[in-house]
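I have placed the structure first, in the form of structure tokens, so that the comments after it can refer back to it.
The chains referred to below are lettered A, B, ... by the order of the sequence lines, with proteins before strands, and numbering in each begins at 1.
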There are 2 protein chains.
Amino acid sequence: MSKFEQIVKLSGYSRATVSRVINHSPHVNEETRDKIMQIMQQLDYAPNRNAVALSKGRTNQIGIVITSLHEIVLPFMNHFIEAALRYDFQTIIYTTQGDQAKEIQAFEDLRSKRVDGLLIITCVNDPGKLSSYCRYGPIISWQRMRAGQIPSVAMDQGEGYRLGLEHLLAKGITKIANVFGRPDSLNIQSRRLAYESIMKRHGLPVRSDWYRYEVYGMLDGEQAWRSLTAMEEVPEAVLCSNDYAAAGILNEARRHHLAVPEQLAIIGFDDTELSASLGLTTIHNPIKEQAWNAFYDLWNSIGDESVEASQLSFRLVKRQTT
Amino acid sequence: MSKFEQIVKLSGYSRATVSRVINHSPHVNEETRDKIMQIMQQLDYAPNRNAVALSKGRTNQIGIVITSLHEIVLPFMNHFIEAALRYDFQTIIYTTQGDQAKEIQAFEDLRSKRVDGLLIITCVNDPGKLSSYCRYGPIISWQRMRAGQIPSVAMDQGEGYRLGLEHLLAKGITKIANVFGRPDSLNIQSRRLAYESIMKRHGLPVRSDWYRYEVYGMLDGEQAWRSLTAMEEVPEAVLCSNDYAAAGILNEARRHHLAVPEQLAIIGFDDTELSASLGLTTIHNPIKEQAWNAFYDLWNSIGDESVEASQLSFRLVKRQTT
DNA sequence: TTGTAGGCGTTATCAG
DNA sequence: CTGATAACGCCTACAA
């Protein structure tokens, strides 16, 4: 006999009343509640969440789909997890290691009601295929998705990039290199587009020979700068994929006794703690707010209340590297 | 009516038979299986995991308790997650942000059968208190625990430290600084003990004025080295808390044109990818194997099979910084 | 190889 | 405020 049943027997009340006490229903006599509570204590009772989930049709779990736990995504994840927790949702992490089948597993878990919703941070399956899972429950993505597929809270990073570019041009700096991350991502396309259109508008040459790709971390940044200095002409500024890359470039530049920002201006991206501690000029990326928006989006489909997502934008944070 | 019931009705077979097909029981006529499978397809059936879990008394979920997702623990986590997945277990991450109440939540979830077992990576509650949860299910820890509390797969890092020390002494280097992480941790105590006992045995002075604490990342390492160079006498070698700290020290030393290893020898800890790419001498820490052992320990309590954990040890990896 | 009947631990809907 | 009674969706003896 389950402890729940034992409580029913021992207290002499019905299952319904015991359940009411467990769920803090107000429609219970105080004495009754006290008696039942006491018995619960004695029996060291804890509700079985599987039974609750089965009965309620909800698990209060949200899945997070990601290829691999990596530094860059931690802030977003941590904020999302915290948001979920605030609403009494636990998060379950699906690291796929880039394996399509493993990734599908997460979506199957949505189908199987193991999770009430899904957050995609990075996915490797075709978004078209994944979007067919939308009928099993709410899905939101951080990774940018083409329209008509899975909803996303990502922002067009081209917008942020513009801020950095205009800032440099306003200072009279025109020889600008670009250091990118994943070559095929939508964000890189936007960034490149922003750079190229602004340069053209100003009648300046587009230096695609100064593009560097696959630059994610500090070491990548250092290497990227070395490769740029090997060019015939060396740029006076670098717009970076993120703050880590920027930090690497700053490191390498200092090592070669380059004056920053006089000889080399550097702009990071994201406004992480690292950029603050190094005094890097950067583009503030409202990651925390994106994470909360992502959760709200799911919550609006799962729960009954409805929370308005906030409108977000990038912002230039000027520090000592420009 | 649930899809399960629909299948029962449409196929004309009993619940039991349908269940057998779902679970790939061999005791089903092939034709029967085919018919039922076809209906399952048509209905787009997927089993409800909550119902399964309730019925089986097992969720195939394991909880991971950790204060905050951080670079340093990612390798261990990723390996553990992979091990779990191999045995069809999903992992659910409890980030506590150092909040005792949040942490307890994870243990309450063990009690409530939301998870079948728990892995502690870092905990903030008193281990004595937490160990009372052992009766609700298996718990294993990566963080070192004092005997008699919660079982742990952690290794005594003092052993690894010894290897580094002996290596330096064999080279005739005796002015050795120590750069530690969390001051109160058991591992730091072991490391300090290893250092002090070995120095004494060799009749060498114990330089506790060269101890530095709270050194975790690259930036911490850089700062630690600056603080050491400000001393009256400067050490000829540093034993580090981890490879990141070592990388920071290496960076800072190079910036000041110090010859490594001639003027300064550096030994990292863990043998991460970073140490390999930088050519850091380090202590190999079998993290992957620890992660698998951790899972096996849980699995031995949860499942019916039993897997033998492997015996592990540290190993010196000599590269270019000594 | 298949079916019957009962159970897993709660919640929900009524009616009282 | 309280109690019956029926879900929730699936598994598992045991029997046939």
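- Applying the 6.0 Å contact sphere to CD of A:Glu5 captures more than 12 heavy atoms from other residues, nucleotides or ligands.
- Considering only the side chain of A:Tyr45, C:dT10 comes nearest among D:dG3, D:dG9, C:dT10.
- At least one side-chain nitrogen or oxygen of A:Thr17 sits closer than 4.0 Å to the OP1 or OP2 atom of D:dG3.
- Between the side chain of B:Arg49 and the base of D:dG9, no donor-acceptor pair under 3.5 Å is found.
- Nucleotide C:dG7 holds its P atom 23 Å from the CZ atom of B:Arg58, rounded to whole Å.
- Residues A:Arg111 and A:Glu108 are paired through a salt bridge, judged by an N-O separation under 4.0 Å between the basic side chain and the carboxylate.
- For B:Tyr13, the side-chain atoms get nearest to C:dT2 when compared with the rest of C:dT10, C:dT2, C:dG9.
- The distance between atom NZ of A:Lys35 and atom C1' of D:dC1, rounded to the nearest whole Å, is 13 Å.
- Checking B:Glu30 against B:Arg15, the closest nucleotide of DNA chain C that is more toward the 5' end is the one next to B:Glu30.
- To the nearest angstrom, C1' of D:dC8 lies 13 Å from CG of A:Asn48.
- At whole-Å resolution of the value, CG in A:Asn50 and C1' in D:dC11 are 14 Å apart.
- Of the possible donor and acceptor atoms, none in the side chain of B:Gln6 sits under 3.5 Å from a partner among the backbone N and O of B:Leu43.
- Side-chain proximity of B:Lys56 to C:dG3, D:dG3, D:dC11: nearest is D:dC11.
- Side chain to side chain, B:Ser190 and B:Arg144 meet the donor-acceptor criterion of an N or O pair below 3.5 Å.
- Of the candidate nucleotides C:dT10, D:dC14, D:dC1, D:dC1 has the atom lying nearest to any side-chain atom of A:Asn29.
- Ion pairing between B:Glu82 and B:Arg86 holds under the 4.0 Å rule for side-chain N and carboxylate O.
- Comparing C:dG7, D:dT12, D:dA4 by their closest approach to the side chain of B:Ser55 singles out C:dG7.
- When the C1' atom of C:dT11 is taken as reference, atom CG of A:Asn60 falls 14 Å away, rounded to whole Å.
- Distance B:Glu31 CD to C:dT2 C1': 14 Å, rounded to the nearest Å.
- Ranked by how close their nearest DNA chain C nucleotide is to the 5' end, A:Val18 and B:Arg20 are led by B:Arg20.
- For the pair B:Arg111 CZ and C:dG9 C1', the interatomic distance rounds to 15 Å; values are reported in whole Å.
- Comparing D:dG9, C:dG3, D:dT2 by their closest approach to the side chain of B:Ser2 singles out D:dG9.
- With rounding to whole Å, A:Gln6 atom CD is found 11 Å from C:dT10 atom P.
- With distances taken from any side-chain atom of A:Ala51 to the nucleotides D:dG3, C:dG9, D:dC10, the minimum falls on C:dG9.
- Side-chain nitrogen and oxygen atoms of A:Ser19 include none within less than 4.0 Å of the OP1 or OP2 phosphate oxygen of C:dA12.
- Listed nucleotides: D:dC10, C:dT10, D:dG9. Nearest to the side chain of B:Leu54: D:dG9.
- Not one N or O on the side chain of B:Ser55 forms a donor-acceptor pair closer than 3.5 Å with the backbone of B:Val52.
- Nucleic acid contact class of A:Asn23 (heavy atoms, under 4.0 Å, all strands): sugar-phosphate only.
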